[in-house]
4 protein chains.
Amino acid sequence: MARTIGSHGPRTMEAIRKAGLKLIYEHGFEAMSLRQLAAEVGIQVGSLYNHISTKEDLLYDLIRTHMDELFLQFDAAMAAVDGQGPEERLRAFVAFHVTYHIVRKREVFIGASELRSLEPNHYEDIVSLRRRYERRLIDILDQGEAAGLFRCGDAHVAAYGILSMLTGVCTWFRPHGRLTKEQVIAMYSDQVLGGLMGPRGP
Amino acid sequence: MARTIGSHGPRTMEAIRKAGLKLIYEHGFEAMSLRQLAAEVGIQVGSLYNHISTKEDLLYDLIRTHMDELFLQFDAAMAAVDGQGPEERLRAFVAFHVTYHIVRKREVFIGASELRSLEPNHYEDIVSLRRRYERRLIDILDQGEAAGLFRCGDAHVAAYGILSMLTGVCTWFRPHGRLTKEQVIAMYSDQVLGGLMGPRGP
Amino acid sequence: MARTIGSHGPRTMEAIRKAGLKLIYEHGFEAMSLRQLAAEVGIQVGSLYNHISTKEDLLYDLIRTHMDELFLQFDAAMAAVDGQGPEERLRAFVAFHVTYHIVRKREVFIGASELRSLEPNHYEDIVSLRRRYERRLIDILDQGEAAGLFRCGDAHVAAYGILSMLTGVCTWFRPHGRLTKEQVIAMYSDQVLGGLMGPRGP
Amino acid sequence: MARTIGSHGPRTMEAIRKAGLKLIYEHGFEAMSLRQLAAEVGIQVGSLYNHISTKEDLLYDLIRTHMDELFLQFDAAMAAVDGQGPEERLRAFVAFHVTYHIVRKREVFIGASELRSLEPNHYEDIVSLRRRYERRLIDILDQGEAAGLFRCGDAHVAAYGILSMLTGVCTWFRPHGRLTKEQVIAMYSDQVLGGLMGPRGP
DNA sequence: GATGAATGAGAATTCATTCAT
DNA sequence: TATGAATGAATTCTCATTCAT
């Protein structure tokens with residue numbers, strides 16, 4: 001007998017993506033079995049293959065979609081400070097990055113920790129998108145440096161440091177914890193700005 | 001850990017640890033098979049069990065050893081600034097943390113990304129060590145805050161941010177890259193100190 | 001066979017038979033998947049079942065059709081030498097068999113090598129048709145033996161040998177190769193006739 | 001718990017080869033599952049992989065071993081007629097080929113019908129051995145033709161015909177059937193020799 | 001200590017087939 | 001008739017682990 005009633009094609013695919021996101025986040029991509037995934041979705045293992053072509057392909061799909069969304073939301077967020085100075089733009093970047101990494105913490109975590117499991121082509125694709133995103137921050141730092149506002153030392157290294165610091169929130173931030181998202185953003189904005197504009201060492 | 005006394009026993013165990021470190025770093029713990037490991041060491045799979053009791057046990061051994069080493073070296077490094085002020089101690093912390101994370105980048109990476117694969121007991125053990133290490137930094141921040149030197153907002157969150165930023169070096173730092181380790185330490189020291197002592201936002 | 005009446009039904013069924021013939025010849029029946037078959041035809045897998053009832057059923061249909069055609073053409077070919085002597089009839093048999101096995105090499109190949117995959121009933125059906133065909137040759141040999149023309153030793157065994165020899169052409173004959181079909185027929189006629197009428201061993 | 005008592009390594013491998021030969025002959029390579037094979041041997045499926053590296057590899061091993069044996073026995077058989085004339089050598093060839101194809105009918109059958117399932121490299125390897133074997137017969141025919149004894153028409157085509165005829169015995173010969181192996185050899189020797197030395201067509 | 005052969009569970013993937021739309 | 005999504009059993013192969021030798 002075929003087909004349980006309900007759950008049409010697109011709906012099933014959406015369920016697979018959702019379940020995949022959850023399970024990969026919780027157990028890691030290698031550790032997640034398609035058995036688990038199918039069970040979570042409520043279909044048979046073989047039925048997965050009506051929607052995905054490969055386990056790796058699901059991973060790529062999730063990460064790629066996340067990267068696309070990242071750029072989409074980034075552009076929207078930065079549009080609000082278009083034409084403004086490097087300080088305002090850096091503050092906007094911090095606010096956006098922290099927000100996105102809190103709201104999409106699972107996508108973000110997977111997108112950073114499971115790259116190893118991508119096929120070479122897919123790997124290259126994602127890595128180049130990540131570089132392009134880093135570049136966005138580096139550009140802001142360069143502008144700030146050019147304007148005599150920031151002292152970065154090295155814009156690339158400063159950017160890596162800032163990104164690492166901000167991205168960390170997806171690890172420890174708890175929605176109803178001691179601090180609100182806004183407080184964290186305020187703190188980290190000060191810390192980042194202070195780091196680039198503050199006093200130099202001994 | 002199943003360290004067995006014998007003729008070339010310790011030597012073999014050391015080879016297993018070395019190979020395990022390499023393979024787990026390269027492929028991830030789940031993705032590394034004991035067959036690969038045995039091949040890398042140059043023995044048969046079955047022989048591994050004369051030295052380890054479990055695959056998971058090897059992972060725990062590697063991480064635990066790394067944590068012990070971390071504390072050992074931390075204590076040695078901080079002894080040099082014993083009795084000095086928070087700023088000197090924070091600079092010493094930055095220097096130590098960056099150095100360790102560059103030199104032991106594989107241990108550090110595994111110790112952060114493969115915790116998921118530990119048994120509950122082992123997991124708790126390592127996580128509490130990590131918390132204890134974080135605590136060391138938080139203490140410095142607290143002292144700086146108490147002394148009116150630092151404005152952290154929230155010492156825990158500030159510490160997480162600093163740790164994330166500094167730990168990032170194990171991902172991107174290349175020994176013969178554009179910047180030396182010392183330059184990176186100088187930059188990040190300024191950035192961290194500036195972040196805590198610099199101007200506040202709008 | 002599940003030939004369904006309809007608009008482009010027969011055309012689709014013909015396409016399925018053609019594609020099936022090709023794929024089974026190339027990969028073997030077990031190795032051919034219905035997915036491959038559907039793709040070759042240009043429809044979806046499920047749609048195949050509007051035309052066939054079973055994978056095995058398609059195989060039987062192909063082989064059975066081939067056997068029917070074999071007898072049809074055999075009768076037509078032998079009608080031309082009706083009433084003539086065993087030698088002429090044997091030459092006609094050789095010419096017919098070689099021709100058919102060159103022209104229909106895929107059907108012939110499948111009809112010999114994929115019998116194993118037929119259901120018991122279908123298997124019996126085809127095997128009995130094959131025996132009936134062999135019988136046609138044995139009859140000719142018997143007549144030649146009775147007429148004092150041939151010395152077969154054992155008509156069955158002689159027939160098996162002749163059939164094997166002639167059937168072999170479907171394996172190695174290439175349409176534009178060194179020899180024409182007519183040359184092969186001439187050679188093999190001589191060889192077969194010589195074998196039955198030639199000198200006896202030591 | 002590991003290992004059932006008995007059945008050491010080489011013995012197990014021999015059992016696998018024997019069971020593989022039987023099952024592939026009976027069901028075909030594609031249709032034989034490793035489940036079946038393991039069950040026939042009396043071990044678990046996974047244990048097969050202590051002895052073979054791949055299902056295809058087992059097939060290659062069986063066929064390659066058969067080809068090696070074929071040449072070994074061929075050389076031994078032909079040594080007995082070394083230095084004799086083409087007629088004696090052809091009779092020896094017929095006797096050898098028929099005998100081998102009766103005694104090793106399963107190896108022979110597999111070696112002809114399952115080539116499709118070999119990897120390209122393995123396929124090439126076996127096909128070239130088969131060509132080399134055909135060459136042995138062609139050489140005899142060429143010598144007979146040169147000596148004015150045989151009229152082949154085309155030595156290659158004649159050889160293919162002879163090989164097909166003789167090889168056929170592995171399909172229909174039954175050890176305790178109507179004819180003994182010796183009778184079949186005698187008949188086919190006459191038929192082959194007659195075919196090459198007998199009268200030419202109309 | 002090392003080896004090689006075993007286990008049994010589990011991996012991803014493919015298969016023929018069904019059927020509501 | 002065709003489609004797409006489902007089933008459930010089967011496929012080859014890999015895994016960590018055990019243990020007699």
Side-chain angles (χ1 to χ4, degrees), chain A residues 1-13 30-38 42-56, chain B residues 4-9 11-13 30-38 42-56 58, chain C residues 4-9 12-13 30-38 42-56, chain D residues 1-13 30-38 42-56:
Chain A
M1 179 236 3
R3 173 102 66 113
T4 319
I5 305 152
S7 86
H8 294 328
R11 250 175 278 170
T12 303
M13 185 58 210
E30 291 277 354
M32 174 196 74
S33 81
L34 294 188
R35 287 235 242 276
Q36 278 178 284
L37 181 61
I43 59 177
Q44 298 296 316
V45 193
S47 306
L48 288 173
Y49 285 85
N50 288 321
H51 305 276
I52 66 174
S53 62
T54 271
K55 193 191 175 193
E56 187 271 348
Chain B
T4 324
I5 304 153
S7 52
H8 22 85
R11 247 172 288 163
T12 305
M13 183 59 210
E30 290 278 352
M32 174 195 74
S33 82
L34 293 189
R35 275 163 172 78
Q36 273 179 286
L37 180 61
I43 59 177
Q44 297 298 315
V45 200
S47 308
L48 286 174
Y49 285 85
N50 290 319
H51 305 275
I52 66 174
S53 64
T54 272
K55 191 190 177 195
E56 188 270 349
L58 171 63
Chain C
T4 324
I5 306 153
S7 50
H8 22 85
T12 304
M13 184 60 210
E30 290 276 354
M32 173 195 75
S33 81
L34 293 190
R35 275 163 172 77
Q36 272 180 286
L37 180 61
I43 59 177
Q44 297 298 315
V45 199
S47 308
L48 286 173
Y49 285 85
N50 289 319
H51 304 275
I52 67 174
S53 63
T54 272
K55 192 189 175 194
E56 187 270 349
Chain D
M1 180 237 0
R3 175 101 65 112
T4 318
I5 303 152
S7 86
H8 295 328
R11 250 175 276 170
T12 303
M13 185 57 211
E30 290 276 355
M32 174 195 74
S33 80
L34 295 187
R35 284 234 241 279
Q36 278 179 284
L37 181 61
I43 58 176
Q44 297 297 316
V45 192
S47 306
L48 288 172
Y49 286 86
N50 289 319
H51 305 275
I52 65 174
S53 62
T54 273
K55 192 189 176 194
E56 187 270 350

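Just the heavy atoms: all of them, side chains too, but no hydrogens, waters or symmetry mates, feed the values below. First the proteins, then the strands, lettered A, B, ... as listed; each starts at 1.
Checking E:dC15, E:dT7, E:dT17 against every side-chain atom of C:Tyr49, the shortest atom distance belongs to E:dT17. When distances run from any side-chain atom of C:Val45 to the nucleotides E:dA5, E:dT13, E:dT17, the shortest one goes to E:dT17.
Heavy-atom minimum distance, B:Leu48 versus B:Leu34: CD1-O, 3.5 Å. Contact record, B:Leu37 with B:Leu58: CD2-CD2, 3.6 Å, taken as the closest heavy-atom pair.
Separating the CG atom of A:Asn50 from the C1' atom of E:dT17 is a distance of 13 Å, rounded to the nearest angstrom. The distance between atom CG of D:Leu48 and atom C1' of F:dC13, rounded to the nearest whole Å, is 11 Å. A straight line from CD of D:Glu30 to P of E:dT14 spans 14 Å, rounded to a whole angstrom. Taking atom CD1 of D:Ile52 as the reference point, atom P of F:dT14 lies 11 Å away to the nearest angstrom. For the pair C:Leu34 CG and E:dT18 P, the interatomic distance rounds to 11 Å; values are reported in whole Å. The CD1-P distance, from A:Ile43 to E:dT18, rounds to 21 Å in whole Å. At whole-Å resolution of the value, NZ in A:Lys55 and C1' in E:dT14 are 17 Å apart. Whole-Å rounding puts the C:Met13 CE to F:dA2 C1' distance at 16 Å.
Residue-to-nucleotide contacts include a donor-acceptor pair under 3.5 Å from the side chain of B:Arg35 to the base of F:dA16.
Nearest-nucleotide positions on DNA chain F place A:Gly46 closer to the 5' end than the other of A:Gly46 and D:Ser53. Checking C:Gln36 against A:Met32, the closest nucleotide of DNA chain E that is more toward the 5' end is the one next to A:Met32.
Looking at heavy-atom distances under 4.0 Å, B:Ser47 makes contact with a base.
Interatomic distance, CD1 of D:Ile52 versus CE of D:Met13, reported as 7.0 Å (0.5 Å rounding). Summarising the geometry, atom OG1 belonging to B:Thr12 is positioned 4.5 Å from atom NE2 belonging to B:His51; distances are rounded to the nearest 0.5 Å.
A sub-4.0 Å separation between OP1 or OP2 of F:dT17 and a side-chain N or O of B:Thr54 is present. Side-chain N/O atoms of D:His51 include none lying less than 4.0 angstrom from OP1 or OP2 on E:dG4. One finds a side-chain N or O of A:Ser33 lying less than 4.0 angstrom from the OP1 or OP2 phosphate oxygen of E:dA11. Residue C:Thr12 places none of its side-chain N or O atoms closer than 4.0 Å to OP1 or OP2 of F:dT1. A sub-4.0 Å separation between OP1 or OP2 of E:dG4 and a side-chain N or O of B:Gln44 is present.
Panel note: side chain A:Lys55, backbone A:Ser33; no donor-acceptor pair is recorded below 3.5 Å.
Under the Watson-Crick or G-U wobble criterion, with both distances below 3.5 Å, E:dT17 is paired with F:dA6.
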